[in-house]
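For ligands, and for the atoms within them, numbers begin at 1 and follow the listed sequence.
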Amino acid sequence: MAAIQKIRGTNDFFFGEARKLRYIQSIFRHVSEFYGFEEIITPVFEYTELFSRGIGEGTDIVSKEMYSFEDRGGRSITLRPEGTASVVRAFLENSLYAQRKLNKLFYMGSMYRAERPQKGRYREFNQCGVEILGSARPEADAELISLNMLVLQTLELKDLKLYINSVGCPKCKPDYEAALKEHLSSSFDELCESCKTRYDKNVLRILDCKNPQCKELIKGAPAISATLCEECSEHYEGLKAGLSSLDIEYIENPMLVRGLDYYTKTAFEIQDESLGAQNAVCGGGRYDNLVAQFDEKRSTPAVGSAFGVERLMLSVSDESVDPAPETVFVAAFEQTRDKLLWAMEKVRGAGFAALCDYELPSMKSQFKYADKLGASYVLILGPDELQEGYVMLRDMKSGGEKKVALDDIERLAEL
Ligand code: HAM
């Protein structure tokens, strides 16, 4: 029988990689809390309608990337492809607007998209996201971006580029869509098949197409900045002023549109240039109309973003991950087995991780194993030494050994 393997586009993380993932999450949590964000945990699956209405029927995510299935009651359920729609649902369902004037929320969890897997692009991946619900001010956008930059700085990432744009609002976006259609109308037949559909359904997405021919066709397309309404351009200027006041460097990219329909005004992306094709480590923007889309009476302006944790993992160096606790390997003989668990307990009490080989093979094998596990010390429970009330401690780096009285094992860190 063929061995069962993991589903394509998913990952097993273990040892150092699992530590790295959790380390990234802990830095993200720490920085978010310093910016006054509180955690929200929502379900991994939701009714399909939440995403199809929230993210938009015309988007790639909804039209071809969702993992949807019928549950036993015949309802359509979807594994979340992103976190924002769920946060908005929870915000409304739990009346969070009544509890806080401003809801600053962060989340961490796995997302699911049926994309073509490649390096940095998976079908199950982790996001660390932040959302600010309750302010239309550009300062909120700028502060959210500064939070993201601080996370990346703390993770010691270099080669970062922040791209910003304004995608307008329902007042001015249609003018831009019309201008873009006009620009592309004469070359419609040269567009790729996907872009031909996008032309009618979601023309802005053509700006984001990776097809070289489409890229060529959008060269010289009008910039959205030319058609922004007064409110949107003022907001965009406010964002830039906010970023400058924080000394955050940015690059304006008038072609930046993101793959979700809910964005209004600000759209941004942080790229790590050292990564390959999938170099967007963080993406986000403002979504002033999403809450109202689910409940007209509760219209709430909002802005948010999310990191792709697996992409960060490709750039974060092993050295910058917090080390695991220092390990003491406890080696014993069959005659001293009765002291094994006791000694391990004392070692943990001293603030070290304690490991052993329960089988107690030869001393040589136990040392070899301790070395493989990267133990800093080996505590040897020798029968004669125990009789006399002490054990030997070997420093695995220097090879030096010293006597430790049984009562002193708990003070190992001070010795
Ligand atoms: P997004 O741009 O679709 O935005 O995803 C955010 C980040 O998740 C991307 O920049 C990327 O790092 C990572 N990501 C996306 N797809 C994959 C994948 N297949 N494999 C690995 N990593 C991936 C959102 O999801 C929005 N909810 C962000 C947001 C929050 N906007 C407002 N609030």
May I ask you to check whether over 12 heavy atoms, not counting those of Lys372, lie within 6.0 Å of atom NZ? no

Test your reading of the structure: does Arg121 have an N or O sitting under 3.5 Å from an N or O of ligand 1? no

Taking the basic N atoms (NZ, or NE/NH1/NH2) and the acidic carboxylate oxygens, is any pair closer than 4.0 Å for Arg53 and Asp261? no

Of Glu38, Glu39, Glu131, Glu143, the residue whose pairing with Lys104 passes salt bridge (charged side-chain N to carboxylate O under 4.0 Å, His left out): Glu143

Counting from 1, what ligand 1 atoms have a heavy atom of Glu115 closer than 4.0 Å? 16 (N), 17 (C), 18 (C), 19 (N)

Counting from 1 in the order shown, the ligand 1 atoms closer than 4.0 Å to a non-hydrogen atom of Glu131 are 30 (C), 32 (C), 33 (N)

Measure the distance from atom 7 (C) of ligand 1 to every protein heavy atom, then report the residue, atom name and distance (to 0.1 Å) of the closest one. Ala306 O, 3.6 Å

Ring centres of Tyr199 and Phe188 under 6.0 Å apart? yes

How about Tyr97 and Phe91: are their ring centres within less than 6.0 Å of each other? yes

Thinking salt bridges, do Arg89 and Glu46 make one under a 4.0 Å N-O criterion? yes

Minimum heavy-atom distance Lys173-Tyr263, with the two atoms named: NZ-O, 3.6 Å

Give the residue and atom name of whichever protein heavy atom lies nearest to atom 5 (O) of ligand 1, and the separation in Å to one decimal. Gln127 NE2, 3.2 Å

Taking atom CD as the centre, does Glu273 end up with more than 12 heavy-atom neighbours from other residues, nucleotides or ligands that are less than 6.0 angstrom away? yes

Salt-bridge contact Arg311-Asp272 (side-chain N to carboxylate O under 4.0 Å): no

Protein contact of atom 13 (C) of ligand 1 - nearest heavy atom, named by residue and atom, plus distance: Gly308 CA, 3.5 Å

Check each atom of ligand 1 against the heavy atoms of Tyr263 and keep those under 4.0 Å away; list them by number with element. 26 (C), 28 (C), 29 (C), 31 (N), 32 (C)

Among protein heavy atoms, which lies nearest atom 20 (N) of ligand 1, and at what distance? Tyr122 N, 2.9 Å

Would you say Gly129 contacts ligand 1, with heavy atoms under 4.0 Å as the rule? no

Using a 4.0 Å heavy-atom cut-off, which part of Leu260 comes near ligand 1: side chain, backbone, both, or neither? side chain

Who gets closest to atom 1 (P) of ligand 1 by heavy atom: Glu310, Arg113, Met111? Arg113

Less than 3.5 Å between some nitrogen or oxygen of Glu82 and one of ligand 1, yes or no? yes

Specify the protein heavy atom at minimum distance from atom 14 (N) of ligand 1: its residue, its atom name, and the distance to 0.1 Å. Phe125 CE1, 3.5 Å

Under a 3.5 Å distance rule, please check whether Glu82 uses its side chain to pair with a backbone N or O of Ala85 as donor and acceptor. yes

For ligand 1, is Cys282 a contact, meaning one of its heavy atoms is under 4.0 Å away? yes

What part of Arg123, side chain, backbone, both or neither, has a heavy atom within less than 4.0 angstrom of ligand 1? neither

Ligand 1 and Gly284, any nitrogen or oxygen pair closer than 3.5 angstrom? no

Kindly state whether the ring of Tyr287 and the ring of Tyr262 have centres lying under 6.0 angstrom apart. yes

Report the nearest protein non-hydrogen atom to atom 26 (C) of ligand 1: residue, atom name, distance rounded to 0.1 Å. Tyr262 OH, 3.4 Å

Does any N/O atom on Ala280 come nearer than 3.5 Å to any N/O atom on ligand 1? yes

Does ligand 1 have any atom sitting under 4.0 Å from a heavy atom of Gly120? yes

Looking at the rings of Phe106 and Phe28, which for Trp means the six-membered one, are their centres under 6.0 Å apart? yes

Classify the contact between Phe268 and ligand 1 as side chain, backbone, both or neither, using a heavy-atom distance cut-off of under 4.0 Å. neither

So, are Glu231 and Lys265 salt-bridged, with charged N and O less than 4.0 Å apart? yes

To check your reading of the model: name the closest protein heavy atom to atom 2 (O) of ligand 1, its residue, and the distance in Å. Arg258 NH2, 2.7 Å

